[in-house]
Amino acid sequence: MDLVMTELCSALPVDMMPGAEDPTNVALPQQPLHRCLLPAAVSYGSLARVTNPHAFDVDGVAFLGTSGQNIEDVSKYSRHADRLSRRMRSSRGDMALAGLRPLLTSRPAGLGWRSTG
């Protein structure tokens, strides 16, 4: 992975956000990947190790990106999972998902912790 990221970073700016299977904390917000995982790529100033979720601007347009764990949690605990996926693909759904509500889990079962009691 370090070799691929090194090649990319030598040519363009890269924001690298962790995902569900990456070696970082489980609960959102996830912290950036540790620099020791990408020793050659971090030498480029064009690599930004970012949190999950990650907010950024491109030409004055604001974006908020996640790796999808929050949407998967909503789908797991929703009776309308198919409707949710159709809604996410529509332009109206994209507008609705632009808010912060989908970033927050609504059930403790969706969080990355276990009760000790």
Kindly give the heavy-atom pair with the smallest separation between [X] and [Y], and that separation in Å.
{"X": "Gly65", "Y": "Asn52", "value": "O-OD1, 4.3 Å"}
{"X": "Ser67", "Y": "Gly19", "value": "OG-CA, 3.6 Å"}
{"X": "Ala40", "Y": "Ser43", "value": "O-OG, 2.5 Å"}
{"X": "Arg35", "Y": "Arg49", "value": "N-NH1, 3.5 Å"}

Would you say the side-chain atoms of Asp22 and Gln30 include a donor-acceptor pair closer than 3.5 Å?
no
Tested for side chain to side chain contact (heavy atoms under 4.5 Å, CB included) against Met1, the lone hit among Leu37, Thr6, Leu38, Leu33 is Leu38
Side chain to side chain contact (heavy atoms under 4.5 Å, CB included) test vs Leu47 passes for just one of Asp15, Val42, Leu8, namely Val42
Does Val61 belong to the same Ile/Leu/Val/Met/Phe/Trp/Tyr cluster as Leu64, with side-chain heavy atoms less than 4.5 Å apart forming each link?
no
Is there a continuous path of hydrophobic side-chain contacts, each under 4.5 Å between heavy atoms, that joins Val50 to Val58?
no
Could you measure the distance from the CD atom of Gln69 to the CG atom of Leu28? Nearest 0.5 Å is fine.
5.5 Å
Output yes when a side-chain donor or acceptor of Ser46 lies under 3.5 Å from a complementary backbone atom of Cys9, and no otherwise.
yes
Using a 4.5 Å cut-off between side-chain heavy atoms of Ile, Leu, Val, Met, Phe, Trp and Tyr, which other residues end up in the same hydrophobic cluster as Tyr44?
none
In the structure I gave you, are the side-chain heavy atoms of Pro18 and Pro32 within less than 4.5 Å of one another anywhere?
no
